[in-house]
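Single-structure report; data block below.
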Amino acid sequence: MAEPREVAQRLLLRRASAPRFHEGPQLRRRPRLAAGEPGDGAHELARRRRASVRPRRGVAPERRDVERVVGGRDEMERPAHERRLHDRPAPERARQGVAPERLQPRPERHVRRGHPLRLERGHALDRPGRTQACAAEEQLPEQERPVQLPERQDAHAAYAIRMAVRVRFAPSPTGMLHIGGVRTAVFNWLFARGEGGEFKLRIENTDTSREVAEAVEQIQESLRWLGLDWDGEHTFQLDRMDDCRDVATRLLEEGKAYEDDGAIRFRMPDTGTTAWDDVVRDRVEFPNEQLEDVVLVRSDGRPTYNFASPMEDVWDGITHVIRGDDHVSNTPKQINLIRAVGAEPPEYAHVPSVLGTDGKKLSKRHGAVSVEEFRADGYVPPALLNFLALLGWAPDGETTIMSPDELVARFSLERVQSSPAAFDFQKLDWMNGVYLRALPVDEYAHALVLHLGERGYDWDAELVRKAAPLVQEKIEKLSDFPAFAGFLFGDVSLDGHSLDSNVIAEAERALGAVEPFTAESIEQALRGLADRLGLKPREAFQPIRIAVTGSKVSPGLFESLELLGRERALERLSAARS
RNA sequence: GCCCCCAUCGACUAGCGGCCCAGGUCGCCACCCUUUCAAGGUGGUAGCGCGGGUUCGAAUCCCGCUGGGGGCACCA
């Protein structure tokens, strides 16, 4: 019978055994924003400059009046290229740069039946109606004519034809990579790879005070281990401080921002709404009057996240921002900022958070939460990846086991769930077991040796290798090995077990005579012994098992005995008698 | 407190108005296999949060409620 083990085996074999560590093709560098280089909109802006300082959102009770006065601007004509994009119906725009879904769902049972794992190219599946519900033209906030940014015009040109997708994963280096964050990274990576696009790694270290040394290396190590390769060098948000400040200065000059206590704040539009068609959440709208004037640059001169991040998205030519849904309320602010700077916002996809089994946000008390911990616990990358991908996404109602390649091939952003998902450790364990069992024995043995080495066990690698086949079917995590097969490497304790000393004595005698000392002949001898004593196999074997392994649960008795060797086996038996 | 979002078995999900007295997977239970434990096989358990609509027909559309989540920083 073709069983999941074989299934998973095929899945694994389709993939090179080593994770892809390469850094990907080097990107052609995009010219950076030539800051302080206002386009033809500058005059308009100057003309429309508003009172330079205004109270913060929600602070002044009389603010309504102020808004009335300030807010009543007339709508400007937009530049041609921009209109082109804006005037296209939203759903169509949402599809730009996204290849149609190319794959037919393939029921898993085909795999079970042992059919070759091949994804069929079929006609494009129609997209789910999500975005279609939002056909209404996006209501633009009233806004001044933006300053032109030449590089974004290039991007627009590409957009209009068919833009390759470019996404980014942007963790802040404040510690180990949280599994929820990694899931976001997984979605980004899956999407980018599936679309033949690029996946960039950006370190958002604007808040230097919280930066943790080592974290940057740690993050990269975790991603690499999981097999998430990024394109080009990773970048640091801090490196663009100067560019950000330049833009802020220009925004200041244009009256789009103002100073406030030494900081620079961006003036959000007062009326209208800011909206976008979120790939996972559909239409999202925010009344502009709710938007706070965000701080762009702190009084100490450092740009804030809400400023630096969208600017970098623009400079990097990010087409799709896929991030946690805790960012939704930042999005309208960032969209306004991006437009103020004359650029076109990317597509947004806000993925739901990951909860613990109790429905609360996943945290330490639920168990492992960082990639490092999962690694140390003996989970294997493709299993974790498979599991993470299925957290909030499913290709269909049937398929669960998918290799990294298959995940890439089948992933689609539109199918990610909009409600949060609970992290089920039991299911992860099961899935890890599936992948572990699917490994060719030698690879399995290798993984075991590596894992034990990492965990600080200095056990004989050769013996570990020999023990590997005995445990492969039986443990779900590599870290289960010591408890399960540790008796091969060290002394055992018989505390709490009372043994039938008669059986032990008989076994001692029988094993002393077995020749050769192999599983096969040991089995013969012990079965004969059971017969002689008139015992059922389990009745006879269990005391021996305990004497030899110190546990009621162990790998196969005969194989274990063989590996232990006659001498040590006899020692343990005689020790058990006294 | 204010704003926003979400809601199918215990968990992850399929479902896009009739194919659904709701399908798959994990878990759980039983049986089979069996030297223990697993693995594997077979069968089973369990769900559309509640209340109103719309419709010939609703898990699917609308409204309200309830429950859960997220956001409201010179954090990211």
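- No hydrogens or angles were tested; on distance alone, a donor-acceptor pair under 3.5 Å links the side chain of A:Ser299 to the base of B:C74.
- Looking at heavy-atom distances under 4.0 Å, A:Gly556 makes contact with a base.
- Where A:Gln426 and A:Pro173 meet RNA chain B, the nucleotide closest to each residue was compared, and A:Gln426 sits on the side nearer the 5' end.
- Mapping A:Ala394 and A:Leu428 onto RNA chain B by nearest heavy atom places A:Ala394 closer to the 5' end of the strand.
- When the P atom is used for both B:A11 and B:A46, the distance is 16 Å, rounded to whole Å.
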Listed pairs, N/O of protein and of nucleotides 1-9 of chain B, under 3.5 Å:
residue : atom : partner  : partner atom : Å
B:C3    : O2'  : A:Gln290 : OE1          : 3.1
B:C5    : O4'  : A:Arg281 : NH2          : 3.3
B:C5    : O2'  : A:Arg281 : NH2          : 2.7

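- Rounded to whole Å, atom C1' of B:U35 lies 13 Å from atom CG of A:Leu529.
- As rounded to whole Å, 17 Å separates atom C1' of B:A39 from atom CE of A:Met431.
- Between A:Asn306 atom CG and B:A76 atom P there is a gap of 8 Å when expressed in whole angstrom units.
- When the C1' atom is compared between B:C20 and B:C2, the two are found 41 Å apart, to the nearest whole Å.
- A:Lys536 comes within 4.0 angstrom of nothing in the nucleic acid, heavy atoms only.
- Between the NZ atom of A:Lys474 and the P atom of B:U36 there is a distance of 9 Å, rounded to whole Å.
- A:Arg202 contributes a side-chain N or O that, together with a main-chain N or O of A:Ser309, makes up a donor-acceptor pair within less than 3.5 Å.
- OP1 and OP2 of B:U25 both lie 4.0 Å or more from every side-chain N or O belonging to A:Lys427.
- Within 4.0 Å of A:Ala263, counting heavy atoms only, lies at least one base atom of the nucleic acid.
- Among the nucleotides B:U35, B:A14, B:A76, the one closest to any side-chain atom of A:Glu559 is B:U35.
- Evaluation of A:His327 against the base of B:A76 yields a stacking contact (centre distance < 5.5 Å, interplanar angle < 30°).
- Judged by Watson-Crick or G-U wobble contacts below 3.5 Å, the nucleotide B:G40 has B:C32 as its partner.
- B:U8 and B:C48: their P atoms are spaced 11 Å apart (whole Å).
- Between the side chain of A:Asn188 and the backbone N or O of A:Phe169 there is no donor-acceptor pair closer than 3.5 Å.
- Contacts of A:Asn205 with the nucleic acid, taken as non-hydrogen atoms under 4.0 Å apart, are absent.
- Among the protein residues, A:Thr206 comes within range of the sugar-phosphate backbone only, with heavy atoms under 4.0 Å from sugar or phosphate atoms but none that close to a base.
- Distances from the side chain of A:Arg415 to the nucleotides B:G15, B:A39, B:A11 place B:G15 closest.
- Side-chain nitrogen and oxygen atoms of A:Arg527 include at least one within less than 4.0 Å of the OP1 or OP2 phosphate oxygen of B:U35.
- Between B:A76, B:U25, B:G71, one nucleotide has an atom nearer to the side chain of A:Thr304 than all others, and that is B:A76.
- Residue A:Asp261 is classed as a base contact, given a heavy-atom separation below 4.0 Å to a base.
- Each of B:A76, B:C26, B:C12 was ranked by its minimum atom distance to the side chain of A:Ala422; first place goes to B:C12.
- Regarding A:Gln542, its CD atom lies at a distance of 12 Å from the P atom of B:U35, rounded to whole Å.
- In this structure, A:Leu470 places its CG atom 16 Å from P of B:U36, rounding to the nearest Å.
- When heavy atoms are screened at a 4.0 angstrom cut-off, A:Phe423 is found touching no nucleic acid atom at all.
- Under the Watson-Crick or G-U wobble criterion, with both distances below 3.5 Å, B:C19 has no partner in any strand shown.
- With respect to the salt-bridge test (charged N to carboxylate O, under 4.0 angstrom), the residues A:Asp313 and A:Arg168 qualify.
- Salt-bridge formation is not detected for the pair A:Arg240/A:Asp243: no Lys NZ or Arg NE/NH1/NH2 atom is positioned less than 4.0 Å from an Asp or Glu carboxylate oxygen.
- Counting atom types as modelled, A:Arg545 pairs a side-chain N or O with a base atom of B:U35 as donor and acceptor under 3.5 Å.
- Pairing partner, B:A14: none, since no Watson-Crick or wobble contact has both distances short of 3.5 Å.
- The residue A:Leu557 sits close to a base: some heavy atom pair falls under 4.0 Å.
- In this structure, A:Phe423 and A:Phe425 have tilted ring planes: the angle between them lies in the 30° to 60° band.
- The stretch residues 525-556 of chain A participates, sequence neighbours left out, in these ring-ring contact (aromatic ring centres under 6.0 Å, His included) pairs: A:Phe541-A:Phe558.
- Considering only heavy atoms from C-beta on, A:Pro395 comes within 4.5 Å of A:Met402 through its side chain.
- Of the candidate nucleotides B:C37, B:A76, B:C26, B:C37 has the atom lying nearest to any side-chain atom of A:Val553.
- Inspection of the A:Tyr305 and A:Asn330 side chains reveals no N or O donor paired with an N or O acceptor under 3.5 Å.
- In this structure, of B:C74, B:A76, B:U36, it is B:A76 that holds the atom nearest to the side chain of A:Tyr305.
- Nucleotides B:C4 and B:U13, compared at atom C1', are 25 Å apart to the nearest Å.
- Nucleotides B:A14 and B:C19 have their C1' atoms positioned 14 Å apart, rounded to a whole Å.
- Separating the CD atom of A:Gln472 from the P atom of B:A39 is a distance of 14 Å, rounded to the nearest angstrom.
- Comparing B:C74, B:U36, B:A76 against the side chain of A:Glu204 picks out B:A76 as the nearest.
- Across every strand in view, B:C65 sits in a pair with B:G49 that passes the Watson-Crick or G-U test at under 3.5 angstrom.
- In the set B:C75, B:C12, B:G69, B:C75 carries the atom at the smallest distance from any side-chain atom of A:Arg298.
- Residue A:Thr184 forms a side-chain contact (heavy atoms from CB on, under 4.5 Å) with just one option from A:Asp325, A:Val351, A:Leu388, and that option is A:Val351.
- Of all heavy-atom pairs between A:Gly324 and A:His350, the closest is O-CD2, 3.5 Å.
- Nucleotides B:G64 and B:U54 place their C1' atoms 15 Å apart, quoted to the nearest Å.
- Checking B:C2 for Watson-Crick or G-U wobble geometry (two distances, each under 3.5 Å) identifies B:G71 as its partner.
- Between B:A7 and B:C12, the distance separating the two P atoms is 12 Å to the nearest Å.
- Atom CG of A:Leu390 and atom P of B:G24 are 16 Å apart (whole Å).
- Spacing between B:G52 and B:A59 at atom P, rounded to whole Å, works out to 14 Å.
- A donor-acceptor contact closer than 3.5 angstrom is absent between the side chains of A:Tyr348 and A:Asp277.
- We find that A:Lys474 and A:Asp480 are not joined by a salt bridge, their nearest charged nitrogen and carboxylate oxygen being 4.0 Å or further apart.
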